[in-house]
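Worksheet: one structure, shown below.
On a predicted model such as this, the values are computed, not experimentally measured, just so you know. Atoms within a ligand are numbered from 1 in the order they appear, just like the ligands themselves.
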Amino acid sequence: MNQITMLTIHAQFGGVQETIHPVVLQDELHLVLIDCGYVGFLSQIEQALIENGLSAANLTHVYITHQDHDHMGALADLKRKYPKIQIVTSGGEAPYISGAEKSLRLIQAEAMQKKLPPEQQEFGRAFCALLERVQTVPVDVEVSDYEELDWCGGCTVIATPGHTPGHTSLYLKQFETMITGDAVALENGVPVIANPQFALDLAQAEKSMQKLLRYGAKEWICYHGGRWIP
Ligand SMILES: [Zn+2]
């Protein structure tokens, strides 16, 4: 039976409560986790799967929407513990996830660090250190814009660059559901550009959000913010 499950995982960073929503696609042949949380979050992911009647041991694929630490942080631990998992991402993000290229977010954070006022230097250093802890993982499958995956009744890859250059979202045809990654976040029930101050190309990010809106999905699942019914 085809099924989409939204996970809810809470995290604390410097006293700030964060909630993330990885998604699981299930059909007779595949169990796909879309994004996998922060560094050190393997057990939270495993626990969230168990709470939904699922098991990490049965995962066939992990799809990574983009290279950020809150999306791929637990990937290396997942792959080490469950080596059969196939890692899937866009051709544009693959070099950063596999470590062939340096994380664009780390490059951005290091550049910002030099301009931070003294009172924010410590926070900036801690953020860089956090990004440096992300372990890279070889990518098994690279996908491209409008590629069709045979997951969960049909799944279309949608290139949504801006937040990062190779960012992708996924559209589940049977469910008319959009899984946005960080192309769109939900704030107080309103879809917005996720962290616009960190978008590597804000104009592109705005275009990508419009691209997703044009799809007319019945339901969206935002990694930051959760479910949205337009
Ligand atoms: Zn994120």
* Within residues 185-205 or reaching into it, pairs that qualify as side-chain hydrogen bond (donor to acceptor under 3.5 Å, both in side chains) - sequence neighbours excluded ->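 Residue pairs passing side-chain hydrogen bond (donor to acceptor under 3.5 Å, both in side chains), neighbours aside: none found.
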
Verify the distance test for [X] against the Zn ion (ligand 1): any N/O/S atom under 2.8 Å, yes or no.
X      : value
Asp182 : yes
Asp70  : yes
His224 : yes
His71  : yes

* Hey, are the side chains of Asp145 and Lys211 touching, using non-hydrogen atoms and a 4.5 Å cut-off? ->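 Asp145 vs Lys211: side chains touch.
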
* To do: Would you check if the side chain of His10 reaches a backbone N or O of Thr19 as a donor-acceptor pair within less than 3.5 Å?
  =>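 Looks like no, no N/O pair under 3.5 Å.
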
* Should the pair Phe127 and Phe123 be assigned to parallel (<30°), tilted (30 to 60°) or perpendicular (>60°) ring geometry? ->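 The arrangement is parallel - the two ring planes meet at less than 30°.
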
